[in-house]
Amino acid sequence: MRKAVIAGNWKMHMTCAEAQAFAESFKPLVAGLPSDREVVLAPPFTAIASLSSSLAGSGIRIAAQNIHWQEKGAFTGMVSAGMLLEHGVSHAIVGHSEPRKYYSETDEQINLRARSAQKHCITPILCVGESDSQREAGEAEKVIRRQVQQGVDGLDHSRLIIAYEPIWAIGTGKTCEAAEANRICGLIRDWVGYSDVVVQYGGSVNPGTIDQLMAQSDIDGVLVGGASLDPEGFARIANYQPV
Ligand code: PGA
């Protein structure tokens with residue numbers, strides 16, 4: 001059975017002190033989670049080490065928000081898998097729509113990032129999703145399929161998470177309808193061709209939408225941005241109760 005993965009992407013939020021305060025409030029709220037789910041937090045690189053020690057022994061996992069494909073070298077601003085492993089990182093987000101847009105990341109680069117993660121036993125969380133205009137033009141499935149096929153090339157599908165994140169739903173308060181999110185997550189699983197691959201939904205997930213999303217047969221978890229910054233709200237999301 002696929003395990004649900006509830007991940008929080010903090011983006012460029014949280015100093016070390018704020019991350020530690022979050023951990024102290026959050027830990028007791030998720031201490032009794034059922035064993036069918038796992039919680040992952042993705043702080044900025046600078047807060048990884050302190051959050052990792054604050055969460056030691058809690059079972060909450062740490063993700064990096066990106067990862068470079070080289071081990072080391074002249075790559076200003078980048079962080080490698082080995083550097084992340086040193087701080088207990090178990091997951092890495094790759095292909096998020098923000099670096100795709102702001103730093104022009106390509107599907108080929110994203111695939112290299114995911115391969116490097118897997119090579120070092122870090123689970124990539126590969127983000128895919130269409131823009132508003134691509135959806136309106138009827139191209140959503142074509143775009144997502146290309147991102148999935150190029151993104152997972154050469155990967156071990158049993159150590160991979162894919163997050164379906166429609167760009168128009170990110171940070172807009174417009175959650176994708178649960179049935180439509182479920183349909184796309186199912187298509188993604190078919191395109192990967194591995195029935196146990198974990199497929200998350202992301203885009204304006206909040207405590208009010210989580211139960212319905214998690215009741216869908218093809219949605220195995222969520223990638224949460226804004227709502228993961230509040231310990232009570234994110235704990236409510238982790239404690240979802242499918243309706
Ligand atoms: P959001 O972000 O929950 O704030 O919409 C999701 C994401 O970017 O992963």
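In each ligand, atom 1 is the first atom listed, and ligand 1 is the first ligand listed.
- Using modelled atom types, one finds a donor on one side chain and an acceptor on the other under 3.5 Å when comparing Glu71 with His120.
- Nearest-residue assignment for atom 5 (O) of ligand 1 (options Gly171, Ala7, Ala163; heavy-atom criterion): Gly171.
- Listed by number with element, the atoms of ligand 1 under 4.0 Å from a non-hydrogen atom of His96 are 7 (C), 8 (O), 9 (O).
- In terms of heavy-atom proximity, Phe234 sits nearest to Ala7 at CZ-C, 3.7 Å.
- Distances between N or O atoms of Ser204 and those of ligand 1 include at least one value under 3.5 Å.
- Not a single heavy atom of Ser97 lies less than 4.0 angstrom from ligand 1.
- Contacts between Ile170 and ligand 1 below 4.0 angstrom, taking non-hydrogen atoms only, involve backbone and side chain alike.
- The protein heavy atom nearest to atom 3 (O) of ligand 1 is Gly225 N, 2.8 Å.
- Atoms of ligand 1 found under 4.0 Å from any heavy atom of Ala169 (numbered from 1 in listed order, with element): 5 (O).
- The protein non-hydrogen atom at the shortest distance from atom 9 (O) of ligand 1 is Glu165 OE2, 2.7 Å.
- Residues Ser131 and Gln134 have side chains that bring a donor and an acceptor to within less than 3.5 angstrom of each other.
- Between Gly202 and ligand 1, no pair of N/O atoms sits closer than 3.5 Å.
- Annotation for Gln212: atom CD does not count as buried by contact number, only 12 or fewer foreign heavy atoms lying within 6.0 Å.
- Close approach of ligand 1 to Asn9 is summarised as follows: ligand atoms under 4.0 Å from at least one heavy atom of the residue are 9 (O).
- Between Asp220 and the options Arg37, Lys3, Arg189, a salt bridge (Lys or Arg N to Asp or Glu O under 4.0 Å) holds for only Arg189.
- Counting heavy atoms closer than 4.0 Å to ligand 1, residue Ser228 contributes nothing at all.
- Within 6.0 Å of atom CD in Glu108, more than 12 heavy atoms from other residues, nucleotides or ligands are found, so the atom counts as buried in its surroundings.
- Looking at Glu141 and Arg146, no side-chain N of the basic residue comes within less than 4.0 Å of a carboxylate O on the acidic one, giving no salt bridge.
- Remark: Arg100 does not engage Glu105 in a salt bridge, criterion side-chain N to carboxylate O under 4.0 Å.
- For the ligand labelled ligand 1, residue Gly203 lies inside the 4.0 Å heavy-atom shell.
- Of the protein's non-hydrogen atoms, the one nearest atom 4 (O) of ligand 1 is Gly226 N, 2.9 Å.
- Membership of an apolar cluster is not assigned to Val143, as no side-chain contact below 4.5 Å to another ILVMFWY residue is traced.
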